[in-house]
Amino acid sequence: IHAFDPSARMIRQAAPILPPTPRVNWNEADVRDHFIPIPHPLIVSSSPLPWIVPPSATLSDVTALAVPGSFFVASIMLRNTLHELHHARRQVAPRKEPAALLPDFDQVLQCLESLQWRIVTAREELLVENYPSADGLLRTLHDQGVTGETGSHTRFPLNRGELNRLRHYY
């Protein structure tokens, strides 16, 4: 098993879930920076895939890691993820829109089909999580590594004053 995440904290959270074994290779790195020469019968990914725009390039890379008949399991953040937060950011810093939009559900399905993946199950879900404060939400997102990916990047990051206005607005 090759497990990749650029966030050390995410690896520290995930590693204890699996029993210790030399068959799991934990990598604090971006999978795009590593070539894995062994094709895999099972590829599992959580939300980082769609943060890489365009998704077609990323899903092509996933396909290259597969053997015929492989399974690909993914949980993917889609367009409108963190909608309220993006709305609040547009109110306090209208010139600092995210550099790219996350894909929508149909885009992901069409991309997988064009790469000849057979879709066994696909569903779109909306999950809502409540936080006691904007600071709690922003800290959680930062700790999960969400604030550093394409869906949150702008050419110019929010400055301290804008972050404070965002906290108060949100």
Side-chain angles (χ1 to χ4, degrees), residues 2-7 9-10 13-14 29-34 36 40-131 134 136-158 162-163 165-167 169-170:
H2 299 278
F4 287 89
D5 198 300
S7 167
R9 182 178 176 143
M10 294 303 286
Q13 286 180 342
D30 188 322
V31 71
R32 295 173 296 176
D33 298 332
H34 295 274
I36 304 169
H40 292 72
L42 173 64
I43 301 168
V44 179
S45 175
S46 67
S47 58
L49 281 182
W51 296 108
I52 305 164
V53 176
S56 57
T58 304
L59 294 172
S60 292
D61 291 344
V62 168
T63 302
L65 295 173
V67 296
S70 288
F71 288 91
F72 173 51
V73 179
S75 172
I76 299 175
M77 290 184 191
L78 300 169
R79 188 162 301 153
N80 291 327
T81 295
L82 302 173
H83 173 75
E84 296 88 355
L85 181 59
H86 287 287
H87 173 77
R89 184 166 73 178
R90 279 192 302 276
Q91 299 306 306
V92 301
R95 293 190 174 109
K96 294 186 176 180
E97 282 285 319
L101 292 174
L102 293 173
D104 64 29
F105 187 64
D106 290 335
Q107 282 177 296
V108 173
L109 293 180
Q110 289 169 3
C111 182
L112 290 168
E113 288 169 353
S114 74
L115 293 167
Q116 299 180 358
W117 283 96
R118 183 174 64 91
I119 299 172
V120 176
T121 302
R123 69 177 181 266
E124 185 175 9
E125 294 181 1
L126 173 64
L127 303 175
V128 177
E129 193 163 330
N130 295 308
Y131 290 86
L137 168 65
L138 294 173
R139 171 57 47 203
T140 299
L141 293 174
H142 180 273
D143 290 348
Q144 291 175 349
V146 173
T147 55
E149 297 299 336
T150 303
S152 63
H153 271 197
T154 62
R155 183 175 295 204
F156 304 102
L158 297 182
E162 291 164 335
L163 281 171
R165 287 196 306 276
L166 177 71
R167 284 184 185 100
Y169 180 89
Y170 194 72

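In this text, all values refer to a predicted model and were calculated from it rather than measured experimentally.
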Answer yes or no: is there a donor N or O on one side and an acceptor on the other, between the side chain of Q107 and the main chain of D104, under 3.5 Å? yes
For the backbone of L102 and the side chain of R79, can you confirm whether one donor and one acceptor N or O come within less than 3.5 Å of each other? yes
Looking at every non-hydrogen atom in both residues, tell me the closest pair between [X] and [Y] and how far apart they are.
X	Y	result
S56	C111	CA-SG, 3.3 Å
Y170	A88	CD1-CB, 3.7 Å
P41	V67	CA-CG2, 3.9 Å
T81	H86	O-CD2, 3.4 Å
L158	R89	CD1-CD, 3.7 Å
E162	V92	O-CG2, 3.9 Å

If you measure from CD1 on I76 to CD on E124, what distance do you get to the nearest 0.5 Å? 11.0 Å
CG/L82 to CD/E129 distance, rounded to the nearest 0.5 angstrom? 10.5 Å
Around Y169, counting heavy atoms of other residues, nucleotides and ligands shown, do more than 12 lie under 6.0 Å from its OH? yes
Are L138 and L85 packed together at the side-chain level, in the sense that at least one heavy-atom pair is separated by less than 4.5 angstrom? yes
Please examine the side chains of V62 and L115, heavy atoms only from C-beta on, and report whether any two atoms are closer than 4.5 Å. no
Just to verify, which of L59, I119, T63, L65 counts as forming a side chain to side chain contact (heavy atoms under 4.5 Å, CB included) with F72? L59
Can you classify the ring geometry of H40 versus H2 as parallel (below 30°), tilted (30 to 60°) or perpendicular (above 60°)? perpendicular
